[in-house]
A.B. asks: 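Structure incoming, see below.
A quick note: this is a predicted structure, and the numbers were derived from the prediction, not measured.
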Amino acid sequence: MSLSQPYDFLIQWHLTERCNLKCRHCYQEGGNFRELSLAEIYRVIEEISDMLKAWHDAYGLDFSPSFNVTGGEPVLRTGFFDILGRLVQTGFEIYILSNGTCITLDIAKKIAALGVQGIQISLEGPEEIHEQVRGRGSFAAALLGIRNLLQAGVKVSLNATISRMNAGYFQEMVGLARELGVSRLGFSRLVPSGRGKDLLAHMLTLDETKRLYESILSMQVEGLEITTGDPMAAQMNSPAPADGENNTFPAGGCAAGVSGLTILADGTVTPCRRLPIALGKVGETPLREIWAASPVLEQLRTKDLYQGKCGKCPRWSACRGCRAIAYASATAQGNPDFLASDPQCFI
């Protein structure tokens, strides 16, 4: 990482755990707990802005900060547009992660008017497959939401959570994305945690993951960007580091502990939205203290503590696998360890 370039810093913010679907891919349990109030949310936004300014002043770091606003279904959050407006005032880039089913044309126009950079809609496959995952009627409702957003001028990307349930349908997803006219089609691996732990048997094997990734990343589709945030995918077309190159500083790859934090609806802070390890709580512990002093984050940044293949990998600095998948898989085997090897790594 060159410090002459802006430092990416992403806050994933679950504004609510409420959702209008009963998805098989829902990872959060939801339930009865107190969501942060609007006043509390505004204080946290100010704290984040002040934190990044202080880092800039102290260390000369330029930031490229962004918020991923998600849920549950974030548009169900009371004060949703007020929160978006306050975030926009910070000057951060704002993205929304949604299932699309609640997005009317009026909501889409309000999102567009706020200048949100884009919205990601979860779509798990063609209609039959999507509804196996997200419930009857969800496919048509999601497509209507997508069309409303596009009509309002909002940049839309689709994202599929890849498992054995839908891996064979990615080519159909490409056709659907082109038919809808969206600009990006993303994919991510299934993380078997929360309610998703019941989907452990649907995880792709190492060999299945390799074949699928080779197929997807070889696709060249005019007018459609196929993308993923999976650090392992980024390594497929990257040369191995040269002998003697520093491989002990986390300079890219998995964001957990390195380039951002997740804030849950009740204010709990975790390393990422799929890694359910509490680091503290906003309003109780300053975010700067969590970032600098959390033992969990320090372990995530320390190569010598990593286990198995990931601990020995010459690409550790730029990858580290997916910590959420490593943790969920190790937990399913009775040995919860967020520093375990990524079981689907084929690099």
Side-chain angles (χ1 to χ4, degrees), residues 1-15 36 40-70 74 83-97 114-120 157 186 188 227-231 234 249-265 267-275 277-283 285-302 316-324 338:
M1 177 185 66
S2 170
L3 294 184
S4 64
Q5 299 296 319
Y7 186 99
D8 291 334
F9 196 85
L10 171 66
I11 298 290
Q12 298 261 13
W13 202 330
H14 293 248
L15 293 183
L36 294 176
E40 289 170 320
I41 286 174
Y42 294 160
R43 285 196 292 271
V44 175
I45 293 171
E46 183 177 0
E47 179 184 356
I48 294 167
S49 181
D50 290 346
M51 176 179 72
L52 296 184
K53 183 179 184 301
W55 286 348
H56 170 79
D57 293 343
Y59 307 113
L61 292 174
D62 288 324
F63 287 92
S64 178
S66 57
F67 279 91
N68 277 1
V69 176
T70 183
I83 296 167
L84 285 187
R86 187 62 65 95
L87 288 172
V88 168
Q89 290 174 15
T90 66
F92 293 0
E93 291 190 351
I94 311 298
Y95 299 88
I96 299 170
L97 280 58
L114 284 166
V116 169
Q117 273 71 28
I119 184 164
Q120 174 183 293
S157 61
S188 54
T227 184
T228 180
D230 191 334
F249 179 79
C254 180
V258 176
S259 59
L261 291 168
T262 289
I263 302 173
L264 302 182
T268 299
V269 180
T270 66
C272 92
R273 68 194 188 102
R274 300 299 191 219
L275 187 53
I277 300 174
L279 307 177
K281 209 163 191 177
V282 296
T285 306
L287 283 172
R288 290 178 67 178
E289 181 179 328
I290 290 173
W291 185 254
S294 165
V296 171
L297 296 186
E298 183 61 27
Q299 290 175 69
L300 286 166
R301 300 166 184 151
T302 306
W316 181 89
S317 175
C319 182
R320 297 180 306 287
C322 174
R323 293 298 91 213
F338 56 86

A.B. asks: side-chain contact (heavy atoms from CB on, under 4.5 Å) for His56 and Leu61? Distances and angles first, verdict last.
C.D. replies: CA-CA 5 Å; His56 170 79; Leu61 292 174; 5.5 Å; no
A.B. asks: Could you give the distance from CD1 (Ile48) to CZ (Arg43), rounded to the nearest 0.5 Å?
C.D. replies: 13.5 Å
A.B. asks: Considering all heavy atoms of both residues, which atom of Thr228 and which atom of Asp230 are nearest to each other, and what is their separation?
C.D. replies: OG1-N, 3.1 Å
A.B. asks: Do the side chains of Thr270 and Leu261 get nearer than 4.5 Å, heavy atoms only?
C.D. replies: no
A.B. asks: Side chain of Glu298, backbone of Ser294: donor and acceptor closer than 3.5 Å?
C.D. replies: no
A.B. asks: Is the Trp55 ring parallel, tilted or perpendicular to the Trp291 ring (thresholds 30°, 60°)?
C.D. replies: tilted
A.B. asks: Are the side chains of Leu84 and Val69 in touch, meaning some heavy atoms are under 4.5 Å apart?
C.D. replies: yes
A.B. asks: Determine whether Leu15 and Thr70 make a side-chain contact, defined as any pair of heavy atoms from C-beta on separated by less than 4.5 Å.
C.D. replies: no
A.B. asks: Can you find a heavy atom in the side chain of Val44 that is under 4.5 Å from one in the side chain of Ile41?
C.D. replies: no
A.B. asks: Tell me the closest heavy-atom pair linking Pro271 and Leu300, and the distance in Å.
C.D. replies: CB-CD1, 3.9 Å
A.B. asks: Find out whether Phe92 and Leu87 are in side-chain contact, i.e. whether some heavy atom of one side chain is under 4.5 Å from a heavy atom of the other.
C.D. replies: no
A.B. asks: Can you tell if the side chain of Pro231 reaches within under 4.5 Å of the side chain of Cys319, non-hydrogen atoms only?
C.D. replies: yes
A.B. asks: Can you list the residues that meet the salt bridge (Lys or Arg N to Asp or Glu O under 4.0 Å) rule with Glu40, with sequence neighbours excluded?
C.D. replies: Arg34
A.B. asks: Does some side-chain heavy atom of Ile96 sit less than 4.5 Å from a side-chain heavy atom of Val116?
C.D. replies: yes
A.B. asks: Stepwise, does the side-chain contact (heavy atoms from CB on, under 4.5 Å) test hold for Met51 with Phe9?
C.D. replies: CA-CA 11 Å; Met51 176 179 72; Phe9 196 85; 4.1 Å; yes
A.B. asks: Less than 6.0 angstrom from the centroid, inside 45 degrees of the normal: does Arg323 satisfy that with respect to the ring of Phe338?
C.D. replies: no
A.B. asks: Closest heavy-atom contact between Cys272 and Thr262?
C.D. replies: C-OG1, 3.1 Å
A.B. asks: Under 6.0 Å from the six-membered ring centre of Trp316 and within 45° of its axis: does the NZ or CZ of Arg320 meet both?
C.D. replies: yes
A.B. asks: Would you please name every residue forming a side chain to side chain donor-acceptor pair (under 3.5 Å) with Thr227, sequence neighbours left out?
C.D. replies: Arg184
A.B. asks: How many angstroms lie between CD1 in Ile263 and CZ in Arg273, if you round to the nearest 0.5 Å?
C.D. replies: 14.0 Å
A.B. asks: Kindly compute the distance separating OG1 (Thr90) from CG (Asp50), expressed to the nearest 0.5 Å.
C.D. replies: 11.0 Å
A.B. asks: State the NE2-CG distance between His14 and Leu97, to the nearest 0.5 angstrom.
C.D. replies: 8.5 Å
A.B. asks: Could you measure the distance from the CD1 atom of Ile11 to the CG atom of Asn68? Nearest 0.5 Å is fine.
C.D. replies: 10.0 Å
A.B. asks: Do Ile45 and Trp13 come within less than 4.5 Å of each other through their side chains, counting heavy atoms only?
C.D. replies: yes
A.B. asks: I need the minimum non-hydrogen distance between Val282 and Val269, along with the two atoms involved.
C.D. replies: CG1-CG2, 3.8 Å
A.B. asks: How many angstroms lie between CG in Leu114 and CZ in Arg86, if you round to the nearest 0.5 Å?
C.D. replies: 13.0 Å
